Structure formats: C-alpha cells, structure tokens
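Presented below is the structure to which this report refers.
Scope of the values below: all heavy atoms of this structure, side chains included, with no hydrogens, waters or symmetry mates. The chains referred to below are lettered A, B, ... by the order of the sequence lines, with proteins before strands, and numbering in each begins at 1. Worth saying up front: this structure is predicted, and the values here are computed from it rather than measured.
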Amino acid sequence: MLDSGLGRCYNAPSRRIERGAGDDCIVITELAGILRLPLRRLFMTRGAAIAELPGIARESRRNILKMIFEAGSGHPGGSLSEIDILTALYFRVMRVDPRNPRWEGRDRFILSKAHACPGLYATLAARGFFPVADLLTFRKINSRLQGHAHVMTPGVEMSGGSLGQGLSFGVGCALSARLDGLDHRVFVMLGDGECDEGQVWEAAMSASHYGLDNLVAIVDRNRIQNDRFTDDVMKLEPLAQKWEAFGWKALEIDGHDMEAVVEGLETAATVQGQPAVVIARTVKGKGVSFMENNPAFHGAAPNEEEFQNALAELA
Amino acid sequence: MTQSLPKVATREAYGQALVELGRENPDIVVLGGDLNKSTFVHLFAAEFPDRFFDFGPAEQNIMGVAAGMAASGKVPFVSTFSVFGMCRPFDQVRVGIAQPHLGVKIVCTHAGILTGEDGMSAHGIEDLSLACSLPGFTVVAPSDAVEAVAAVRAAAKTPGPFYVRLYRPATPVMHSEDYEFRLGVGDVVRQGKDASIIATGVMVATALETADALTSRGVSCRVINIHTLSPLDEDVIATAAQETGGVVTVEEHLSHGGLGSRVAQVLGRKAPVPLEMVALQGYTESGDPALLIKKYHLAAEDVEAAVWRVLERKS
Ligand SMILES: Cc1ncc(C[n+]2csc(CCOP(=O)(O)OP(=O)(O)O)c2C)c(N)n1
Ligand SMILES: [Mg+2]
C-alpha cells in the first residue's frame with residue numbers, strides 16, 4: 001500500500017493493524033467521553049523518545065526532496081530548516097489524533113510560512129494523517145496536497161500562502177480556547193523573512209495584550225528569505241528583544257539540536273501569563289550540503305543530479 | 001496558429017523596459033518586496049541601486065511608502081505578485097493611493113491561474129475586479145510581451161494610479177515591434193460578423209485560436225483585445241454588439257468584476273445582445289497551468305462552445 005519509495009510510515013492508518021503500536025489514539029478517541037483532559041494530553045502525544053526523532057526527521061527530509069523533485073517546483077530551503085522542529089512537535093510535544101484530525105482537544109499547529117508545506121506534509125504523513133504515498137501527488141492537479149498549505153489536507157489548520165497572517169489566526173484560536181475553557185495549546189511557525197510583515201507585529205501586540213499563555217510562536221531563524229539574506233533585505237535584530245518589547249517571553253534555541261528543540265518547545269508551552277516565542281536558529285536547506293545557506297534553494301526544485309546527490313547525503 | 005508564435009514572458013519584457021525608462025526619467029523609483037528576481041525588477045536594481053528600495057514582504061508598508069514618494073514628485077513603480085500587490089494591501093491602495101489619486105504604478109506579475117502549481121493562494125484571479133473597483137485607476141492587462149512594454153511606458157507617462165497585470169510563464173507574442181498601443185482604446189484584431197469574442201490578457205491568443213477554428217466551420221468572429229479595462233472603451237464594445245448581435249467575453253479571472261462584468265454593464269446600457277462569459281467561477285487548485293486551463297474551462301474549446309451558445313440564442 002505504501003510502496004512509493006517514500007520510506008516508512010509512522011502510525012499510518014492501516015486496515016491490517018487495528019490495535020497495534022501507537023494506536024493509543026483510537027483507544028483514547030473512544031474513551032474521550034469518559035477521560036478528562038489531563039489524561040488525554042498524556043495519551044495523545046506520541047511521546048517518541050528524543051533519540052528516535054532525528055531518524056524520523058531524516059526520513060522526512062528525504063520525502064521533502066522527493067516531493068519537490070517529483071513536482072518540479074516547491075520550497076526546499078525552509079522545509080529543511082523547519083523539519084526538526086515539526087518532528088519534535090508532532091512526535092513528542094503536541095497531542096494530536098491522526099485518525100481524527102479535527103478532534104477538538106488537539107493542540108493546533110499553524111504553518112504561517114505556508115510555502116514550506118512540504119515539511120508539514122512529510123511530517124503529517126509520517127505521523128499517519130494520510131498515506132505517505134500521497135506525498136508524490138504534491139502540487140499536481142486533483143491532489144489534496146496543494147502548493148501552499150490549505151485546509152483541504154487532513155491535519156492542516158489554516159490555508160496560507162500570503163505571509164504574515166498565521167499569528168493572527170493563532171491569536172484567534174488561543175482566545176477561543178480560553179473562552180471555551182479548553183486547555184489545548186496553539187503553536188504558530190513563522191519565517192524570519194515573514195517577520196517583515198507588519199501584521200505579525202499587530203498580532204504579537206494583541207497576543208500579549210490578552211495574556212495568551214496558550215500561544216507559542218516559533219520563528220524559523222534561517223537568515224534567508226526569498227531573494228537574499230535577511231540582513232540584506234531588512235534587518236531583524238535584535239529579534240528576541242523585539243518580541244520581549246511586545247510583551248512576549250523569548251527563548252533562543254539551536255533549531256537542529258533535538259534535545260534543545262524539545263526542551264525549548266516544552267518550556268515555551270508552560271510559560272504563564274504571557275505568550276512565548278521560540279527563536280530557533282536554523283540553517284536553511286539543512287541536511288543537503290549544496291542547499292545549506294544557499295538562497296537559490298528557497299523556492300527551486302533540484303535537478304536530477306542534485307536530487308540524487310541530496311538523497312545520497314541523507315542516506 | 002498561436003502555438004507556433006515565439007514566446008516571451010511579459011514580466012521579463014517589463015523588467016527590461018523598466019531599465020530603459022529609468023535611463024530616460026530620473027524620477028522613476030522602484031519598490032520591491034523580496035520577489036525582485038521573479039518580477040525582474042532586479043535588472044533595474046542592478047543599474048540604479050540608488051533608486052531601488054526593497055522592503056521585504058511588507059506590502060502594506062510598501063504601498064504607503066510609494067504613496068509618499070508619489071506625493072513627493074517621484075514616479076514609483078511597485079512590483080510584486082498580483083495577490084500581494086492588489087489583494088493583500090487593498091486598503092492601503094484604496095485610501096493611500098486611489099483616493100488622493102497619486103501616481104503609483106503597480107505592476108504585478110504572476111497573475112491568474114498560470115501560476116499553476118503554487119495553488120489557489122497564489123492565483124491572482126480577483127485583481128482586475130479589485131483594481132477596476134478603484135475610481136481613477138487605469139487598469140491594463142497586456143496580451144503579450146510587446147503590449148506589456150507599451151503598457152508600462154504608458155504607465156510612466158500617464159498621471160495618476162496605474163495597475164498592470166503580467167504573467168509568470170512565457171506566452172505567445174502576437175504583436176510586432178511596430179505595434180501602436182493606444183491606452184483606453186480597444187483593439188479590433190480581427191473583423192467578423194456572426195459574433196464578437198472580447199478577450200483580455202493572455203486569453204486574447206485563445207480568442208484568436210478559437211476564431212481560426214470557427215472560420216473553417218463557416219462562422220465569422222470579430223476578435224477584440226480589451227487591454228485597458230479601466231477606462232473601458234465602451235464604443236468598440238457597443239459597436240461590436242450591434243454589428244455582430246452576440247458577444248463572448250474571455251478572461252483568465254473570476255467572472256465577477258472582471259472583463260465579463262464590465263462588458264455586461266455596457267451591453268445592458270447600450271446594446272443588449274446575448275452574452276456568454278468564459279471566466280473562472282470560483283477558486284482553483286494546484287496543477288500544471290495547461291491542465292488547469294482545461295479543468296476550469298478556459299480552453300479554446302470552451303470559448304468555441306460559448307460562441308455556439310451565443311449563435312443559438314441569437315436565432
Ligand atoms: C504577503 C506575501 N508576500 C510575498 C510572498 C512571497 N514569498 C514567498 S516565501 C517568501 C520569503 C519568506 O522568507 P522566510 O519567511 O524567511 O521563509 P523561509 O526562509 O522559512 O522559507 C516570500 C517573500 C508571500 N508568500 N506572501
Ligand atoms: Mg527565512
């Protein structure tokens with residue numbers, strides 16, 4: 001069923017295994033009416049060991065490249081820089097139910113930099129939201145996997161593509177959760193170039209105004225945007241101080257060190273009384289030598305030779 | 001017939017024309033939003049670094065800055081993708097540029113569904129409607145690279161706000177270099193007596209292809225290129241309706257508020273005849289542009305079917 005050359009599917013829904021490993025999701029969904037929230041949180045995270053995460057991320061990196069090569073277009077750089085964080089979120093930090101993507105108690109993840117959707121799709125597929133084989137339909141006509149993240153894909157919370165809008169959406173989710181007395185958390189991933197958008201700062205101001213401690217922003221600080229390095233397009237530093245001046249708790253981490261990523265996300269999620277931002281220092285194109293730190297691979301597919309070399313590096 | 005024509009991207013022709021204009025007029029300044037290679041304004045930036053300004057993706061800010069420059073005697077050209085230059089900062093364009101009637105020239109690339117795989121957020125299919133809704137805005141959708149250059153030259157010397165709609169892919173070049181572009185005057189590219197096909201932008205080529213196909217089936221179609229949507233050449237439209245007795249409009253844009261709507265207004269007031277609109281009816285999806293054109297019914301065969309419907313309604 002998943003014989004697409006696209007690697008192993010973690011927790012993939014499968015007819016064969018009705019109650020196998022990782023199927024805590026089903027059990028919990030059935031018990032949802034009985035169990036109250038703290039227990040659900042415990043069960044719905046996959047709780048992968050940190051040592052397991054780099055291998056999952058590596059497989060996702062390969063899938064990102066396969067998708068973009070097969071489509072002939074797409075955004076590898078920002079997908080490769082964010083993937084360690086997405087892996088930590090979906091396999092360890094967040095509670096989600098791949099069999100019931102719209103489960104009300106789920107933590108929300110919003111990919112505001114929606115061009116980097118290959119990273120999200122690879123992660124969602126690995127986590128079992130849809131078959132890994134579907135990844136190869138990315139950007140093709142009649143596919144659920146659109147060129148920029150769209151809610152037609154199981155597990156995708158917000159349609160994006162126009163930068164700067166995701167944090168406002170996240171503020172809306174976080175405010176609603178509070179109104180409804182729900183304890184799920186809202187994570188919003190922003191690009192660093194995206195922080196040029198004024199709307200980001202309008203949203204930032206409103207989040208601290210409302211004391212949204214159920215909201216975590218993550219900035220993929222890969223120092224490159226569409227055309228060039230962020231320092232050349234628009235200076236962002238001191239970035240952490242900017243967020244702090246807007247009333248946020250700011251943490252800085254190495255976005256490719258799994259221990260640091262998990263710890264940073266978990267710490268940010270427990271900050272009280274104010275929203276928290278995790279500024280993740282990352283490398284655009286991480287994992288593929290000739291894509292790393294190279295603005296040319298923001299939005300370009302590798303050619304055949306580059307593709308093979310990239311896969312070999314990630315073998 | 002149009003298949004055999006050489007193809008040039010309108011955005012590339014624009015980028016080159018802008019450099020020439022920069023040499024002719026020292027008041028021309030260019031503002032970009034981190035898409036400067038895609039819009040080809042990097043050519044201007046290379047030759048006139050002092051008159052080029054990159055703001056990153058912060059389109060609301062860009063429009064405000066451009067308004068200030070126009071009010072200070074500059075001739076600012078703003079270039080980004082149509083969704084980011086018209087949809088995103090609409091209120092800044094409306095209040096900041098249209099209402100004070102400032103001479104900001106918004107030249108947007110990557111319009112319509114020809115942007116293909118990037119998906120619906122990237123498909124600027126409302127831009128003509130939005131631009132035409134703004135009193136005092138001149139709105140031009142060139143049909144090929146030659147006309148794009150002419151339109152941009154017209155923008156530079158016409159007072160007031162101006163919107164030009166360009167495409168990503170290379171498209172057929174129908175006009176020769178000595179083509180005389182007349183702003184605001186519809187161009188009758190083919191005479192005919194049974195029905196009129198009124199098209200804009202890249203769909204003019206499709207209209208011609210359809211007219212050719214119909215000639216061999218004994219139907220004579222007039223083809224009109226409405227490159228200037230605002231102000232609209234009402235006379236050429238009313239005359240065509242009166243002389244041919246039926247009209248088909250063709251655009252790669254939503255049917256609401258674009259060419260079809262504007263032609264309908266003219267026919268309703270001046271020359272009511274059967275009208276069919278070949279246009280998008282809603283949002284689309286990722287996919288190869290040629291396949292999207294087919295799936296969303298903008299192909300020559302769809303135009304032909306619309307002509308047959310008009311002929312039937314006429315009789
Ligand atoms: C409103 C808006 N303007 C412009 C763009 C075009 N665009 C797509 S990606 C990008 C650069 C984003 O850079 P960054 O946020 O740093 O993303 P990453 O490096 O993580 O890929 C731009 C300008 C857009 N998608 N939306
Ligand atoms: Mg970046």
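Checked against the 6.0 Å centroid threshold, Phe40(B) and His42(B) count as a close aromatic pair.
With 3.5 Å as the limit, one finds no donor-acceptor pair spanning the side chains of Asp118(B) and Gln146(A). Inspection of the Tyr14(B) and Ser79(B) side chains reveals an N or O donor paired with an N or O acceptor under 3.5 Å.
Between chain A and the residues Glu285(B), Lys295(B), Arg88(B), the most heavy-atom pairs under 4.5 angstrom are made by Arg88(B). Between chain A and the residues Pro57(B), Gly32(B), Ser38(B), Gly33(B), the most heavy-atom pairs under 4.5 angstrom are made by Pro57(B). With chain B as partner, the option from His148(A), Glu194(A), Met152(A), His150(A) having the largest number of non-hydrogen pairs under 4.5 angstrom is His148(A).
Both tests do not hold together for Arg94(B) against Phe90(B): distance to the six-membered ring centre under 6.0 Å, angle to the ring axis within 45°.
Both the backbone and the side chain of Asn142(A) come within less than 4.5 Å of a heavy atom in chain B. For Ser159(A), no part sits under 4.5 Å from any heavy atom of chain B, backbone or side chain.
For Glu252(B) and Arg165(B), the salt-bridge test passes: some basic side-chain N is under 4.0 Å from an acidic carboxylate O.
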